[in-house]
Amino acid sequence: MQAGASGSRAFRSRAALPSEWDRRHYGRQQHVQDYLKVDGLTVKYVGPGESDSQAATLFADKPVPQDVPLYYFEVTIVNKGDSGYIGGC
């Protein structure tokens, strides 16, 4: 660990940390991933959104390294859509 300017400790991983959303398609319904427009840290769902079968999945560009004891990120929802169905984990 390394002390920061405020006296807090910052952890440094040996591996690269996630830095943006991955543009590759995953999962069994890869055609649904075409509903996502990804540009670095910005994602826009452009699908019909009429049922859960049209839901898309999004991953970071790198996994969180195992040697990182705590990892934190924030997401801002700009528009929830007509039904407001948004999931995350």
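All values below come from the heavy atoms of this structure, side chains included, with hydrogens, waters and symmetry mates left out.
When side chains are defined from C-beta on, Leu36 counts as touching Tyr45, because their heavy atoms get closer than 4.5 Å. Annotation: side chain of Leu58 is in contact with side chain of Val43 (closest heavy-atom distance under 4.5 Å). Using a 4.5 Å heavy-atom cutoff, the side chains of Lys62 and Ser19 are in contact. Annotation: side chain of Tyr35 is in contact with side chain of Pro48 (closest heavy-atom distance under 4.5 Å). Taking 4.5 Å as the limit, some side-chain heavy atom of Pro18 sits within range of a side-chain heavy atom of Tyr71.
Asp22 CG to Thr57 OG1: the interatomic distance, rounded to the nearest 0.5 Å, is 12.0 Å. Distance check: Trp21 CH2 to Asp39 CG gives 13.5 Å after rounding to the nearest 0.5 Å.
Taking both residues in full, the closest heavy atoms of Ala15 and Ser13 are given as N-OG, 3.0 Å, listed atom of the first, atom of the second, then distance.
Cluster annotation: Val64 is connected to Phe73 through the hydrophobic network of ILVMFWY side chains, with a link wherever side-chain heavy atoms come within less than 4.5 Å. Connection of Ile77 to Val46 is not established within any shared hydrophobic cluster, with ILVMFWY side chains joined at heavy-atom distances below 4.5 Å, either directly or through further cluster members.
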